[in-house]
Asks: 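Quick one: the structure is below, questions incoming.
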There are 2 protein chains.
Amino acid sequence: MKQVTVYDIAKEAKVSVATVSRVLNGTAPVRASTRAKIEAIMHRHQFQPNALARSLSKKETGIIGVILPDITNSFFPEVFSGIMQEGQETGYTFFLCDTMGQYDKESEFLNIMREKRVDGILFMGGRINLNDCDEALVQEVMEHANKIPLVLVNGNLKNANLTRVATDEYAGTMLAVRHLIELGHTRIGFIGGESHMATTMVKMRAYRKCLREAGLPIREEWVLPDDFSVDAGNRQMQRLLSQTERPTAVCCVNDFTAIGAMKTAIDQGMRVPDDISIVGFDDIVLARHFIPELTTVSQQASELGRTAVQVLRQLINQERVKKLTSLSPRLVIRQSTASPRSE
Amino acid sequence: MKQVTVYDIAKEAKVSVATVSRVLNGTAPVRASTRAKIEAIMHRHQFQPNALARSLSKKETGIIGVILPDITNSFFPEVFSGIMQEGQETGYTFFLCDTMGQYDKESEFLNIMREKRVDGILFMGGRINLNDCDEALVQEVMEHANKIPLVLVNGNLKNANLTRVATDEYAGTMLAVRHLIELGHTRIGFIGGESHMATTMVKMRAYRKCLREAGLPIREEWVLPDDFSVDAGNRQMQRLLSQTERPTAVCCVNDFTAIGAMKTAIDQGMRVPDDISIVGFDDIVLARHFIPELTTVSQQASELGRTAVQVLRQLINQERVKKLTSLSPRLVIRQSTASPRSE
DNA sequence: GTGAAAGCGCTAACAG
DNA sequence: CTGTTAGCGCTTTCAC
């Protein structure tokens with residue numbers, strides 16, 4: 001019942017373990033006949049080389065550690081899917097850690113990854129999305145990054161100067177707001193996002209910039225941060241609708257809040273997009289299946305994941321790497337936006 | 001820059017590596033003073049014990065391998081989330097493999113897991129959902145299961161007699177169909193699901209049983225398998241609506257097809273649930289956010305994941321385990337179902 | 001309590 | 001081409 005090892009194979013083939021190792025890795029020429037014999041024996045015994053032993057001596061595991069805040073949030077499975085596709089093609093395997101948004105879990109997982117000797121780390125969510133992250137937390141990540149290839153995905157850490165790949169959310173939001181303006185909207189609100197998160201700030205900044213550029217007034221009572229959930233969308237749309245002066249369009253921090261906003265608006269008897277236009281951000285899979293289909297900004301999550309792995313691989317291979325790889329989002333126009341009714 | 005090892009620690013503390021190992025694992029008493037000294041040194045050097053070396057000698061990794069067919073399908077992240085929660089509490093870590101529905105990838109990952117010496121395997125999707133799985137594929141899994149703890153989650157392999165945990169989909173479907181019948185529906189269709197998949201067959205069987213029990217006729221032209229996608233729902237609802245005699249309610253194989261069916265019905269000018277009632281299966285997160293909110297059967301995905309880990313752990317610890325652990329689904333009544341209009 | 005030493009299974013010089 | 005041997009870093013008897 002004991003696992004067969006290179007020694008067993010070697011003995012049976014009457015060769016040394018070195019030779020067995022050679023056919024296993026193709027690291028040096030081996031006579032065709034002995035190679036064939038060894039392979040036959042390995043096959044017969046269904047030999048499974050012990051990856052632990054191999055990694056221990058090679059000092060590399062072929063494992064990439066992935067930290068993300070919530071696998072249950074459909075954006076992340078898509079990114080992860082891209083990560084896996086890219087990784088599989090290059091023989092990498094993944095160690096996925098879900099921090100459930102807790103910063104101390106990030107620290108914990110970072111350590112576990114180091115113990116497991118992963119070859120590199122992809123860091124998403126949590127502290128790297130904070131606008132003003134605690135110095136100690138930044139420090140910690142920097143120390144790890146000093147010892148092991150690490151890239152921040154869709155986030156940043158002030159003054160840490162780490163390698164990162166991210167969607168250009170500023171540009172993405174401009175796409176969304178300009179779309180609304182081009183449709184003729186002049187009364188545009190913004191919903192969702194915790195205000196201490198970088199995403200929220202960036203998106204709001206882009207939103208304000210656009211309105212200003214277009215010479216439109218910014219009504220602070222229409223700028224309603226909250227969190228990133230569907231419920232946030234519900235709540236803030238409710239608030240918007242309770243005002244006597246209402247916007248005719250709203251830009252949402254992500255698709256979840258957009259969905260919530262849409263639902264509440266419709267439940268209150270409004271029609272989307274006739275009475276109010278709504279645009280989201282992320283283009284989650286179900287966005288196109290809502291009624292009405294959601295206009296949104298696609299982050300191309302899968303592409304983001306692939307790119308992240310490519311960049312990390314360069315880091316692992318000690319190649320030169322751009323400090324920031326920026327991906328351009330795309331506006332996906334569907335049914336939830338239209339020109340305002342002329343009144 | 002080199003990693004510090006137990007030897008470095010031992011030397012600095014003027015003790016043997018054995019003692020260092022003892023404080024690391026608490027496997028034997030160590031004098032408090034020397035323990036303190038060692039711990040201080042480890043802390044100072046930020047010592048990270050090499051998990052590979054440890055696993056190699058202990059012959060256990062604390063890793064559970066998880067095979068699933070598509071992390072992008074929101075049902076699986078939820079299951080996985082439950083798996084991780086349960087695992088974390090017991091110190092396990094996970095190796096996630098997405099087969100993207102390809103059977104050969106299942107084989108590949110099974111082998112990789114063996115090489116990585118995971119402590120146990122959780123198998124979801126792919127071949128274990130086939131109603132009639134190729135004998136060789138069954139055999140392969142059986143051989144692995146013979147060597148390593150393995151549990152099938154929401155699936156089965158004929159005559160393999162493997163340990164499994166699964167939702168009772170038969171019961172779940174009965175819940176759904178009976179609900180429709182109790183509402184007064186007599187004309188009920190069934191949409192979606194590939195007919196060679198076990199889920200589909202089980203659910204259809206339950207559907208037929210319910211109708212028969214209630215003395216209702218089964219109209220074969222209203223039983224429309226397809227695949228499990230939103231588009232399948234679109235297509236088959238389209239077909240249903242093109243018939244002159246239409247059902248007043250339809251039971252869908254899962255939430256995706258239900259969403260598709262709903263969307264097509266509404267796009268065609270029907271009202272849900274007024275003109276047609278729709279019930280799904282799974283209770284994905286967004287089900288409650290659709291308009292109308294989707295009535296569905298909850299699999300309690302997260303609970304399923306937790307249970308799977310518990311069972312696997314028992315297997316790993318060589319405890320007695322029930323061959324089948326069955327979870328009861330729950331009907332979640334929301335807005336997409338109502339009594340048929342009396343005409 | 002603590003130390004010496006033999007593994008765990010594989011890779012990689014080095015020598016031939 | 002192939003064999004010998006010394007690691008890789010930790011755990012675990014077995015003595016003392």
Side-chain angles (χ1 to χ4, degrees), chain A residues 1-39 41-42 45-63 111-119 147, chain B residues 1-39 41-42 45-63 111-119 147:
Chain A
M1 224 38 342
K2 140 178 184 314
Q3 290 281 354
V4 356
T5 74
V6 281
Y7 285 94
D8 302 320
I9 305 291
K11 193 186 305 172
E12 191 164 336
K14 301 193 207 318
V15 297
S16 74
V17 291
T19 305
V20 175
S21 175
R22 286 182 190 111
V23 344
L24 219 41
N25 301 284
T27 55
V30 171
R31 190 189 305 154
S33 65
T34 82
R35 164 189 307 279
K37 178 167 54 171
I38 293 176
E39 278 172 344
I41 297 177
M42 296 204 297
H45 290 354
Q46 303 205 69
F47 174 56
Q48 313 246 18
N50 186 322
L52 298 168
R54 185 202 299 252
S55 297
L56 180 59
S57 89
K58 297 216 337 182
K59 290 173 164 308
E60 79 178 46
T61 53
I63 300 178
N111 281 316
I112 295 183
M113 286 180 176
R114 297 296 303 288
E115 295 186 354
K116 286 184 181 297
R117 300 300 191 260
V118 300
D119 291 341
K147 308 274 197 177
Chain B
M1 220 48 327
K2 139 179 186 310
Q3 292 279 354
V4 357
T5 73
V6 280
Y7 284 94
D8 302 319
I9 304 290
K11 194 187 304 172
E12 191 164 333
K14 302 194 203 319
V15 298
S16 75
V17 293
T19 305
V20 175
S21 175
R22 287 184 188 110
V23 345
L24 219 42
N25 301 285
T27 56
V30 171
R31 191 188 307 154
S33 65
T34 83
R35 162 190 306 279
K37 179 166 54 169
I38 292 176
E39 277 172 346
I41 297 177
M42 296 204 296
H45 290 352
Q46 304 205 69
F47 174 57
Q48 314 248 19
N50 185 322
L52 298 168
R54 185 200 299 250
S55 297
L56 179 59
S57 85
K58 298 214 342 181
K59 290 172 165 310
E60 78 180 44
T61 54
I63 300 177
N111 281 316
I112 295 183
M113 287 178 174
R114 298 294 304 287
E115 295 186 354
K116 286 186 182 297
R117 301 299 192 261
V118 300
D119 291 343
K147 308 274 197 175

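Throughout, a chain's letter reflects where its sequence line sits, starting with A, and its residues are numbered from 1. Keep in mind it's a predicted model, so treat the numbers as computed, not measured.
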Asks: With a 4.0 Å cut-off on heavy atoms, is A:Thr34 in touch with a base, just the backbone sugar-phosphate, or nothing at all?
Replies: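 A:Thr34: backbone/sugar contact only, no base atoms under 4.0 Å.
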Asks: Any idea which of D:dG3, C:dG1, C:dA4 is nearest the A:Val15 side chain?
Replies: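 Closest nucleotide among those given: D:dG3.
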Asks: Please state how far atom CZ in B:Arg35 lies from atom C1' in C:dG1, giving the value in whole angstrom units.
Replies: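 So the two atoms are 11 Å apart, to the nearest Å.
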Asks: Calculate the interatomic distance between B:Lys116 atom NZ and C:dG9 atom P; express it in whole Å.
Replies: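 The distance from NZ of B:Lys116 to P of C:dG9 comes to 18 Å, rounded to the nearest Å.
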Asks: Using atom names, set out every protein N or O paired with an N or O of nucleotides 14-16 of chain C below 3.5 Å, distance rounded to 0.1 Å.
Replies:
none

Asks: Taking NZ from A:Lys11 and C1' from D:dG3, how many angstroms apart are they, rounded to a whole number?
Replies: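 One finds 16 Å between C1' of D:dG3 and NZ of A:Lys11, rounded.
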Asks: Please classify the nucleic acid contact of B:Val20 as base, sugar-phosphate, or nothing, using heavy-atom distances under 4.0 Å.
Replies: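 Here B:Val20 touches no strand at all.
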Asks: Could you give all pairs that pass the side-chain hydrogen bond (donor to acceptor under 3.5 Å, both in side chains) test and reach residues 45-56 of chain B, with sequence neighbours left out?
Replies: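 Qualifying pairs, neighbours excluded: B:Glu12-B:His45, B:Asn25-B:Arg54.
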Asks: List the residues meeting salt bridge (Lys or Arg N to Asp or Glu O under 4.0 Å) with B:Asp8, not counting sequence neighbours, and say none if there are none.
Replies: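 Expected list: B:Lys2.
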Asks: So which protein N/O to nucleotides 8-10 of chain D N/O distances come out below 3.5 Å?
Replies:
unit_1	atom_1	unit_2	atom_2	d
D:dC8	O3'	A:Lys59	NZ	3.4
D:dG9	OP1	A:Lys59	NZ	2.9
D:dG9	N2	B:Ala53	O	3.4
D:dC10	OP1	B:Asn50	N	3.1
D:dC10	OP2	B:Val6	N	2.5
D:dC10	N4	B:Tyr7	OH	3.2

Asks: Can you list the residues that meet the side-chain hydrogen bond (donor to acceptor under 3.5 Å, both in side chains) rule with A:Arg114, with sequence neighbours excluded?
Replies: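 Residues passing side-chain hydrogen bond (donor to acceptor under 3.5 Å, both in side chains) with A:Arg114: A:His144.
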Asks: What does the inter-axis angle of the helix from C:dG1-D:dC16 to C:dG16-D:dC1 come out as, five pairs per end, nearest 10 degrees?
Replies: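 If I round to tens, the end axes sit 30° apart.
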